[in-house]
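Residue numbers start from 1 in every chain, and the chains themselves are labelled A, B, ... in the order their sequence lines are given, proteins ahead of strands. Both backbone and side-chain heavy atoms feed into the values below; hydrogens, waters and symmetry mates do not.
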Protein chains: 2
Amino acid sequence: MEPQTHLKPGRVRPGGRTAKVRAAVLDATQDELVDVGFHGLAMDRVAARAGVGKTTVYRRWRDPGGLVTDLMVELADQSTPHADTGSIEGDLRANAMSVLGAINDQRLGATLQAVIAAATCDPAAADALNAFYLRRVKEWATAVDRAVERGELPAGTDGAEVIRAVSAPLYYRLVVTREPVDERHAERAAARVLAAARAGAFAEAAG
Amino acid sequence: MEPQTHLKPGRVRPGGRTAKVRAAVLDATQDELVDVGFHGLAMDRVAARAGVGKTTVYRRWRDPGGLVTDLMVELADQSTPHADTGSIEGDLRANAMSVLGAINDQRLGATLQAVIAAATCDPAAADALNAFYLRRVKEWATAVDRAVERGELPAGTDGAEVIRAVSAPLYYRLVVTREPVDERHAERAAARVLAAARAGAFAEAAG
DNA sequence: CCCTTAATGGGTTTCTGGTTCCGTTAAGAT
DNA sequence: ATCTTAACGGAACCAGAAACCCATTAAGGG
């Protein structure tokens, strides 16, 4: 038998109970994040709120960082539908609105901020966060590629960078200046990136 | 005698000792932030590292959030020289480099990230963070205003928004995706914002 | 259906941050 | 120089989160 890592129980017998416990704990974690934020996240409370023994929570997730990391891994697996409106303008706007929705959703927004805070000092959380965005950026980047093929944007335009550039100002407001973010900001973000992309500022040569 | 707020001792007798204690504590706080991050910041340790009684640290700053908040207030007071290169291109690039320098400076970078994490759950930290950026953005926005006067950018261009837009992608990498940020990224950020600004995407009408 | 043991859960103990108490130091006024 | 008291600091004290122990439950193989 191999060394049994004790960090991933649930691999050997992931049936009913174990899965239910995980779902309940992750759910309770999100609720707690909404209420008290990452800084106030106590394993103790999460266990109580999930209706689960606290020993189990400590054993499987170790600390609050492990909790939000697993939460982010879970969310990263879920795909968000990416639109195809036919024009790059519509697609970028749709992307901005999608990001806006995530940011302003109470549970998801609280979770994102918690993971961002956790990633400050927890490499595992940072990795999970990265995986989460990597997937979304990749999915949306195809819209930019299509626009290049249609001739709407200059050849060599870096799709992933364009998508990130749309998100950046929204997250900047969310995390850095902590101002509210609304549809207007999302639209502006999309419009500005589009203007830059059309001018070739996202083409490889413009590095 | 008035209610003595106990949150601002040092107002009545700010002479030598009190000032020295504050400097030592704030200094030790930055060191600790570099080592363990905000999440690992313990009043206890800061006191020890500063060579100061821990009672004093608790009395004057209450909790880690108070510590980083005061630190940010201190940093906000210090002005960074904003360049005037003669062209908007040069000025935006200079601004991007300035932000880059702040982000990549070990102590300042750690402090910024700590305050961002703290602001997640501490309104005072959020205010201090805001004040910090408000000042810098305002100072740099004048460069954009000059460019508008020189006819380099469309009339009505929102200077503050332009400056923020330059910072946004850099902070996005720092805080959200946690990727390294270098000169190349700074230059690209400046170039892209400039392209959008020239296209009028930052002019008022372009809501 | 039964058996093995993975996985859970209640209860207790430990330990580290956080609080309070009270004596000591020295800033600033006279 | 002296006095008042703001501000500091050491040590004991307290609370709540983290770790541990061992009994209980039920997943999955036969």
Side-chain angles (χ1 to χ4, degrees), chain A residues 1-29 32-33 35-70 118 121-122, chain B residues 1-29 32-33 35-70 118 121-122:
Chain A
M1 172 187 271
E2 61 178 33
Q4 167 64 355
T5 148
H6 94 70
L7 274 175
K8 278 283 176 188
R11 298 238 143 220
V12 178
R13 229 181 243 187
R17 185 164 64 164
T18 296
K20 256 189 178 166
V21 166
R22 182 169 121 107
V25 168
L26 259 36
D27 205 52
T29 300
E32 280 290 300
L33 286 178
D35 289 354
V36 301
F38 178 67
H39 132 101
L41 195 66
M43 306 296 272
D44 219 356
R45 289 226 174 135
V46 171
R49 191 157 191 166
V52 155
K54 61 180 171 176
T55 310
T56 300
V57 177
Y58 279 110
R59 186 165 37 224
R60 287 184 60 179
W61 290 277
R62 170 157 277 150
D63 57 40
L67 233 26
V68 297
T69 298
D70 195 25
C121 54
D122 183 340
Chain B
M1 172 188 270
E2 63 177 35
Q4 168 63 357
T5 149
H6 92 72
L7 273 174
K8 277 285 177 190
R11 298 238 144 223
V12 177
R13 230 181 241 188
R17 184 164 64 162
T18 296
K20 257 188 177 168
V21 166
R22 183 169 120 105
V25 168
L26 258 37
D27 206 52
T29 299
E32 281 290 301
L33 287 179
D35 289 354
V36 299
F38 177 67
H39 133 103
L41 195 66
M43 308 295 274
D44 220 353
R45 290 224 173 135
V46 171
R49 191 157 193 168
V52 155
K54 72 171 173 173
T55 311
T56 301
V57 177
Y58 279 110
R59 187 162 37 223
R60 286 184 62 178
W61 290 277
R62 171 157 277 149
D63 56 40
L67 231 28
V68 297
T69 299
D70 196 25
C121 56
D122 184 338

Novice: Applying side-chain contact (heavy atoms from CB on, under 4.5 Å) between A/Arg49 and each of A/Asp27, A/Thr29, A/Asp35, report the one that passes.
Specialist: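 Single side-chain contact (heavy atoms from CB on, under 4.5 Å) partner of A/Arg49 among A/Asp27, A/Thr29, A/Asp35: A/Asp35.
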
Novice: With a cut-off of less than 4.0 Å, is there a side-chain N or O of B/Arg59 near OP1 or OP2 of C/dT19?
Specialist: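 Looking at the OP1 and OP2 atoms of C/dT19, neither is under 4.0 Å from any side-chain N or O of B/Arg59.
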
Novice: Distance from B/Met43 atom CE to B/Lys54 atom NZ, nearest 0.5 Å?
Specialist: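 Reported value, rounded in 0.5 Å steps: 10.5 Å.
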
Novice: So how far is it from A/Thr69 OG1 to A/Asp122 CG, rounded to the nearest 0.5 Å?
Specialist: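 Here the rounded value is 4.5 Å.
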
Novice: Rounded to the Å, how far apart are B/Leu67 CG and C/dG17 C1'?
Specialist: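 Whole-Å distance recorded here is 14 Å.
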
Novice: It should be established whether B/Thr56 places a side-chain nitrogen or oxygen under 4.0 Å from OP1 or OP2 of nucleotide D/dG9.
Specialist: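 Affirmative; the distance criterion is met.
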
Novice: Nearest of D/dA18, D/dA11, D/dC8 to any side-chain atom of B/Thr55?
Specialist: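 Of all the options, the side chain of B/Thr55 is nearest to D/dA11.
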
Novice: Would you kindly give the CZ-to-P distance between B/Arg22 and D/dC8, to the nearest whole Å?
Specialist: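 So the two atoms are 12 Å apart, to the nearest Å.
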
Novice: Could you check which of C/dT19, C/dG9, D/dA17 has an atom nearest any side-chain atom of A/Ala42?
Specialist: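 Minimum distance to the A/Ala42 side chain belongs to D/dA17.
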
Novice: Please give, in whole Å, the distance from C/dG10 P to A/Asp44 CG?
Specialist: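 Checked: the CG to P distance equals 12 Å.
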
Novice: Rounded to whole Å, how long is the line connecting atom CE of A/Met43 with atom C1' of D/dC20?
Specialist: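 After rounding, the gap between these two atoms is 15 Å.
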
Novice: If you define the side chain from C-beta out and look only at heavy atoms, does anything of A/Arg59 sit under 4.5 Å from A/Thr56?
Specialist: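 Yes, close enough: below the 4.5 Å cut-off.
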
Novice: Which nucleotide in the set D/dG9, C/dG9, C/dG18 lies at the smallest distance from any side-chain heavy atom of A/Val52?
Specialist: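 Minimum distance to the A/Val52 side chain belongs to C/dG9.
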
Novice: Rounded to the nearest angstrom, tell me the gap between atom NZ in A/Lys20 and atom C1' in D/dT25.
Specialist: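 Answer to the nearest Å: 14 Å.
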
Novice: B/His39 NE2 to D/dA18 P: how many Å, rounded?
Specialist: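 Result: 10 Å.
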
Novice: Quick one: does B/Asp70's side chain get under 4.5 Å of B/Arg60's, heavy atoms only?
Specialist: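 The answer is no; the side chains never approach within 4.5 Å.
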
Novice: The side chain of A/Arg17 lies closest to which of these nucleotides: C/dG9, C/dA6, D/dA6?
Specialist: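 My answer, after comparing the listed nucleotides, is C/dA6.
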
Novice: Check whether any side-chain nitrogen or oxygen of B/Tyr58 sits under 4.0 Å from OP1 or OP2 of C/dG18, and answer yes or no.
Specialist: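 For C/dG18, OP1 or OP2 has a side-chain N or O of B/Tyr58 closer than 4.0 Å.
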
Novice: D/dG16 P sits how many Å from A/Lys54 NZ, rounded?
Specialist: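 Rounded to whole Å, this separation is 12 Å.
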
Novice: Could you give the CZ-to-P distance, from A/Arg45 to D/dG16, as a whole number of Å?
Specialist: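 In whole Å, D/dG16 P lies 9 Å from A/Arg45 CZ.
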
